[in-house]
Every structure is written in structure tokens, then in C-alpha cells.
Amino acid sequence: MNALTALKPPAFMHSDYGPALQPHVAETLDDMVSVPLTDFFPDFAPAITSGDPALLEADLERVRAETRASLASVDMSGISADDSVNILASEHGFGLMGGWPYAEMIKTIREVVMERTGCRKIHLRLAIYRGFREADEVAEHFGFNEVFEGRVKGLGPFDQGVEVDTAVGPMYLIKRAFDSAKFIHAYYDDPREMYFNRLLYKSFKSFCMSYARYETRSVYHSMFGNRSGSVIPRALFDSEFIQQRYTFSSVLRTTPMGVIGVDATTDLYAIDRRITKGHLETYGRMQRLFAEIKDCVAIWDGGRWGYYLHGGGLIFGTLLTNHSDAFDLDQPVVAGFMQSPTAPVNFSRNKSLRGVVVNQAWVGAGIPYVTMPFTSPMYIVGEEQAKMWREDPTNPLLMDRAKVVDSLEQGITMACEKGQTDKLIVFDGSYGHLTCSQSMADLLKERAPAVDKLVAEELLPKWLAQRGLS
Amino acid sequence: MATVKFVADYEVEPCIGCKLCDIVCPSGAIRMEARKPIIDDALCIGCGRCVDRCPEDIMWMKEREVPLAVTVLPEEVDQAAVAALLEKAGIEASVSICVCTLTPGSEIAGAIVKGAKNLEEVCAMTGMRSGCGIYCVAPALRLLEAAGCDMTPPGQHRWYPSTLSLYDLSDEVCAKYPDAFIAEDRALFDPDQKYGPLHKENV
Ligand code: SF4
Ligand code: SF4
């Protein structure tokens with residue numbers, strides 16, 4: 001690692017769903033660089049943490065302070081000393097910057113609610129994605145069992161449901177998420193799959209995903225377009241069932257630079273407007289900058305599913321799909337499961353992605369990878385990882401095409417040769433900086449001023465107007 | 001078509017008979033007898049969910065000697081009936097209902113025309129739901145509902161009857177959420193205005 005201020009990516013959590021932890025690309029390859037995002041966009045404000053392990057302790061103090069400051073003005077009169085309250089947390093928050101900032105916000109919420117209301121029966125409900133053991137791993141890694149005195153349970157789309165009447169008809173939430181009289185929506189604002197949520201009421205998404213059964217998630221993703229799907233989480237949030245139990249929301253606020261604070265209030269619609277505006281300004285710039293990449297090889301180098309690994313604050317999925325502008329609501333189809341008969345969209349259409357080298361990542365997220373090796377050659381480092389991919393039922397076709405390589409270096413050489421590119425971009429969990437090859441850094445730095453201008457003068461006003469936020 | 005390379009197996013003696021493997025199986029491949037699971041290899045679509053769920057950690061996936069090809073071929077079923085079912089449900093023939101196995105709408109509808117009566121049978125006949133298990137559920141249930149199948153949910157929260165689609169929303173809902181691009185998405189996904197609400201009384 002040389003030159004442009006090397007920052008260490010966040011440390012990962014070991015998981016049964018991933019391979020043994022490997023050294024980061026940034027630690028093993030000498031010819032990679034680490035570019036501060038302010039080299040692209042000098043106006044990006046500094047974050048209170050970007051997950052740098054060396055600064056973690058002091059950073060978490062700041063997250064605590066931010067959480068306390070934001071909660072100070074929250075009306076908690078809906079919670080009495082005799083109540084039982086569930087703090088609802090969502091899995092992806094534990095993939096942001098190593099997960100510690102989100103965990104710290106959650107622990108602080110518990111403390112403050114206890115102090116302010118006298119309530120002692122505060123439970124943590126950890127919503128996970130697919131694996132039955134994910135919640136136990138998270139609870140143990142972040143010390144939740146001790147902090148919550150054993151009042152911790154996981155929940156997933158497979159758990160018993162509860163039928164909820166909504167304006168659009170009955171939907172099914174997970175019973176265990178709402179097994180206390182009240183709940184707190186403890187969220188993070190990573191835009192994640194912006195090509196699905198289109199930043200249309202994204203802050204409500206947990207109500208039809210994390211807290212919902214398989215069937216409701218499927219309705220949201222597969223039975224609606226990615227714009228009209230926004231009615232489902234809102235209809236759930238607006239339902240009597242939720243409103244009777246809802247107390248307030250606390251959202252870990254981010255930009256591509258890292259955590260910038262905490263936004264807590266009872267009014268989730270107000271939070272959502274603030275988040276949407278902030279995201280279009282910051283993530284919008286990074287998303288459009290990534291769209292300037294016309295040829296590259298991506299490296300997965302993190303402790304979550306490859307699709308959701310961050311590089312420069314954006315998940316890999318953004319690179320995979322940003323051949324069209326997800327934020328532009330006039331663009332009807334960006335990516336989605338409901339397909340137009342006249343304009344079908346394939347997830348893996350981004351032809352600029354010439355290859356993917358898997359240094360380390362969890363298997364099992366399904367969806368995007370299935371067809372990816374058909375258009376972007378994949379190179380899996382080491383037999384241990386290859387075995388996991390072979391046995392991954394969510395990607396049954398992947399290993400028919402992906403190649404197993406002995407080392408990271410070999411994978412990169414083969415991918416670059418086949419893809420006719422020397423530009424590497426690494427998804428290693430980084431916020432605040434981007435780990436990449438010098439050639440990629442040069443390209444992005446050269447293009448950033450024009451992207452900045454385009455977003456400021458054309459795209460941002462349009463994106464905001466489309467959402468009534470001008 | 002799904003090619004199933006693995007099949008579930010378990011160690012009988014330490015099994016505590018908790019039934020959790022049976023409950024999570026999407027294709028009805030497991031049944032309990034004398035408090036022990038019986039796994040039907042022909043129905044196992046290799047999803048691995050039972051292995052992940054088993055609290056005793058006594059299940060595993062083993063490689064099949066010969067991979068199992070799970071599919072409903074177009075020539076096996078009346079294609080006019082398949083097309084009519086898809087139209088009634090408002091689902092395009094070519095859309096990947098299961099995004100893990102890439103099983104198209106036409107094959108799911110084909111399985112139902114061929115005789116599948118519930119979600120488990122659709123999964124066993126097509127391999128659908130062997131992956132993430134999430135996104136394919138509602139479209140498959142909607143096709144079953146459109147075919148007049150019994151939508152009473154089975155016990156132990158195996159599935160719930162959720163089949164809502166973009167084409168079901170009332171004018172009142174559209175007015176309540178005016179910024180949800182409902183009319184725009186309907187025009188995009190159904191340019192010929194073929195689709196409409198799925199009236200349960202018409203099923
Ligand atoms: S289909 Fe899945 S849950 Fe059922 S027996 Fe096979 S691997 Fe186990
Ligand atoms: S989940 Fe495991 S312990 Fe329980 S019945 Fe199945 S094999 Fe036996």
C-alpha cells in the first residue's frame with residue numbers, strides 16, 4: 001500500500017456463512033492506492049467515523065454522544081415504566097463499517113430509554129436475512145447478550161407471521177418482532193440497492209423486508225415495479241397494527257464518508273425527507289462517478305455477501321447496476337424483478353464490469369450472482385471458498401462458469417488480461433476512501449469535477465423535484 | 001430447469017425429533033415418522049435449509065451421484081392453458097419467478113397446469129425456492145390462486161396466502177399514495193392493458 005494516505009478497512013466478523021478471514025487486499029498488494037473521497041469531491045463533509053479500526057474506540061464515543069444528543073429531543077411519552085419494548089434492528093446495519101457504529105447506537109438507545117422512562121423490559125430483536133444462525137453470530141460478536149441481559153432474539157422471514165390489515169390488503173409481518181407492547185425502529189440509512197428502492201421512502205423499507213415474512217418481501221420485490229413497490233412499506237407503517245406499537249425511530253446517518261450522526265424522532269416521514277435529500281447530494285455524486293468507469297475488475301474483499309460489500313461507501317451492487325441512473329424516477333426500469341415485456345432488464349448488464357475476483361465474501365445471497373459469471377468472469381481465490389460456492393444453493397449456476405485460482409494475484413492477472421483492463425476497484429468495506437489501482441484513481445479524479453458539476457446543476461435539481469424536495 | 005446437485009441427509013441416532021427440518025423444507029421432501037425425519041430424495045431440491053436449521057447440527061448436504069434435473073418442459077403441458085393462467089395472474093411468461101434457478105413464469109404456470117396443487121408441489125416440480133426462498137413466493141402463490149387452488153395456509157407457518165400485485169390496487173389506494181408511480185408502472189409492465197385484479201370470487 002503506498003502513496004495516497006492508506007486507511008485500513010474495517011475489521012470483519014467471522015461467520016459460518018463465509019470462509020476463514022483472509023488478509024485485506026490493501027494489506028497484501030503493494031500497487032493499490034487508497035484515495036480519500038474528498039480528492040474526488042472536496043465538499044464532502046468529514047464523518048465522525050469511517051470504521052477505521054485504529055480509531056474505533058474514540059469514534060464509538062462520538063456515536064454514543066450523537067445518539068444521546070439526538071434522542072434528547074425525542075418524545076418518549078409513549079413508553080411507560082411498565083411497558084415492554086422491542087428495539088428492532090436490521091442485519092445490514094452490522095455490515096456498515098464493521099457494524100460497531102450501528103451496534104453502539106442500539107446500545108445507547110437502550111440506556112437512554114431506561115433513563116428517561118424507567119422502562120426495564122427492553123428487548124433486542126435482530127432481523128436477519130436467510131441463515132438461521134446469523135442472529136446468534138451477531139448477538140455474540142457485538143456483546144448484545146450481556147448488554148441486554150439475555151433479552152435478545154433473532155428473527156427471519158421464516159418465523160411465524162402475524163396478519164396485518166393495511167390499506168393495500170393483508171400483509172404478513174413476523175410475530176416475534178412485535179411481541180412487546182411497543183417497538184423502536186432502530187435503522188441505518190445506507191441506500192443499499194438504490195436500483196430497487198430508488199430512494200423512494202427508503203426509511204420505511206424494513207417494514208416490508210426485515211420485519212416481514214417471505215410472502216410480504218416477495219410482494220414488495222416481485223409483484224410491483226421498483227417505484228410502485230414503495231406503497232407496501234408505507235401501507236404497513238401506516239397500519240393500525242404498527243401505529244399502535246410504534247414509539248420512535250433512530251437512524252444512523254451516513255454519507256459515503258462514513259457516519260455523520262444520528263437522526264431520531266417520532267416522525268419517520270420527516271427523517272426520510274432529510275435522508276433522501278442528503279443521499280441524493282452525496283451518494284448521488286458517488287453513484288454517478290462510478291458510472292464513469294467504462295472498464296474495470298472488481299475485487300470482493302469483505303465479511304458480508306459480496307453484493308453488499310462497500311467500496312467508497314457504495315455497495316458493489318451499485319457498480320453492477322449503475323449503467324442507468326437509479327435516482328432518476330423518469331427512468332422506469334432500472335432493475336427489478338417485475339419485468340416490462342418491451343424493456344426487460346437483466347441485473348448483469350453493466351458491461352463495464354469486466355471481471356470479479358473474490359478474495360473473501362460470504363456465500364448465499366443469491367439473486368445477483370446467478371447470471372453474473374455469464375457476463376463478468378468470476379475468479380474465486382482458493383479451494384476452500386470454491387467449495388462453499390459449489391454448495392451454495394442460491395447460486396446453483398455460478399460455479400459452472402467461475403474459475404478457481406490459487407492466489408489473489410493470479411485472479412487479478414487473469415481477470416485483467418481477459419477483461420483488457422488495468423483498473424481495479426476493491427469492495428473491502430471502506431467508507432471515506434476508495435481502495436483501487438492507480439489507474440482507477442487517476443480516471444476517477446479526472447472525471448470527478450465534471451460529475452460534480454453535472455450533479456449540482458442538472459441531476460440533483462431533477463432528482464429532488466421528482467420527490468417533491470426542491 | 002433446476003439441476004439439483006445435492007441432497008440432504010442426517011444422522012438418525014442423535015435426532016431429537018424436533019421437526020424443525022420438516023417445517024422449513026420448501027418442497028415437502030421431509031415427513032416425520034416415529035419422531036424421525038424421512039427424507040424423500042426425489043423431492044429434495046437441495047436448498048440446505050434443513051441443514052442450517054437443525055439445532056443438533058446432525059444434518060448435512062451430500063453430493064448426488066447423478067444430479068437431479070427438475071423441470072416441467074413446455075411440451076409436457078397445454079401451452080394455451082399456461083398462457084391463460086399467466087394472463088389471469090398478470091405475470092409475464094418470460095420473467096424469472098425464481099431468480100436463483102432462473103425458473104420462468106411459464107414453467108411455474110406449467111407445473112400448476114400439470115397438476116401441482118400447492119406451493120410445495122410447485123417447488124418440487126420446478127426447483128423453485130431452492131435458493132434465497134424469498135422472491136418467488138408471491139408470484140407462485142398468485143398463479144396457484146388464479147388456478148383455483150386451495151389457499152388455506154398450511155400449519156406451522158410454512159407459508160401465508162399473500163398474492164397482492166400492482167394490478168390489484170384500488171382507486172382509493174392509488175389516491176392515498178399519489179407519488180407511488182402506480183399508473184406509470186402499470187403502463188410500463190402492462191402496455192396492452194391485459195391484466196387486472198385477481199378477483200377471488202372468479203377463481
Ligand atoms: S429441499 Fe431443502 S429443506 Fe427439504 S430436504 Fe432438501 S435440502 Fe432439506
Ligand atoms: S431438525 Fe435435526 S434434530 Fe430436529 S428433527 Fe430434524 S434432524 Fe432431527
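The backbone N or O of B:A138 lies less than 3.5 Å from a partner atom in the side chain of A:S218, making a donor-acceptor pair.
Considering every non-hydrogen atom in both B:Y160 and A:G161, the closest pair reads OH-N, 2.8 Å. For A:P393 against B:G46, the heavy-atom pair with the smallest separation is CB-O, 3.4 Å. The heavy-atom pair separating B:V173 from A:A167 by the smallest distance is CG2-O, 3.1 Å. Scanning both residues, B:F6 and A:R390, for their nearest heavy atoms gives CE1-O, 3.5 Å.
In this structure the side chain of A:N226 never reaches within 4.5 angstrom of the side chain of B:F181, judged on heavy atoms. The side-chain heavy atoms of A:F132 and B:L20, taken from C-beta on, include no pair separated by under 4.5 Å. Side-chain contact between B:Y167 and A:M223 is absent, with no heavy-atom pair separated by less than 4.5 Å. Between A:R213 and B:H157 the shortest side-chain heavy-atom distance falls below 4.5 Å.
When heavy atoms are compared at a cutoff of 4.5 Å, B:C136 approaches chain A solely by way of its backbone atoms N, CA, C and O. Within the 4.5 angstrom heavy-atom criterion, only side-chain atoms of B:L141, from C-beta onward, approach chain A. With a 4.5 Å cut-off on non-hydrogen atoms, B:C54 touches chain A through its backbone but not through its side chain. At a 4.5 Å heavy-atom cutoff, A:D330 makes no contact with chain B through either its backbone or its side chain.
In terms of heavy-atom pairs under 4.5 Å with chain A, the best-connected choice from B:D190, B:L164, B:V4, B:I97 is B:L164. The greatest number of non-hydrogen atom pairs below 4.5 Å with chain A, out of B:V137, B:D185, B:I45, is found for B:D185. Of the residues considered (B:G48, B:S170, B:P139), B:P139 shows the highest number of contacts with chain A, using heavy-atom pairs under 4.5 Å.
A cation-pi arrangement is absent between B:R158 and A:F158, since the terminal nitrogen or guanidinium carbon is not both under 6.0 Å from the aromatic centre and inside a 45° cone about the axis.
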Steps toward side chain to side chain contact (heavy atoms under 4.5 Å, CB included) verdict (A:D238, B:Y177):
CA-CA 11 Å; A:D238 295 341; B:Y177 297 104; 2.8 Å; yes
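Tested against B:D179 for a salt bridge (Lys or Arg N to Asp or Glu O under 4.0 Å), the candidates A:R198, A:R467, A:R234 yield a single pass: A:R234.
The distance from the OG atom of A:S228 to the CG atom of B:L166 is 4.5 Å, given to the nearest 0.5 Å. If you take CG on B:D52 and CZ on A:R133, they are separated by 5.0 Å, rounding to the nearest 0.5 Å. With values rounded to the nearest 0.5 angstrom, B:E63 atom CD is found 8.0 Å from A:E391 atom CD. Annotation: the span from A:Y214 atom OH to B:Y135 atom OH amounts to 11.5 Å, rounded to 0.5 Å. We find the SG-CG distance between B:C100 and A:L398 to be 11.5 Å, quoted to the nearest 0.5 Å. Taking CG from A:L329 and CD from B:E184, the interatomic distance works out to 10.0 Å, rounded to the nearest 0.5 Å.
Other residues, nucleotides and ligands contribute more than 12 heavy atoms inside 6.0 Å of the NZ atom of B:K5. Dense packing is recorded around CD of A:Q243, with more than 12 heavy atoms of other residues, nucleotides or ligands lying under 6.0 Å away.
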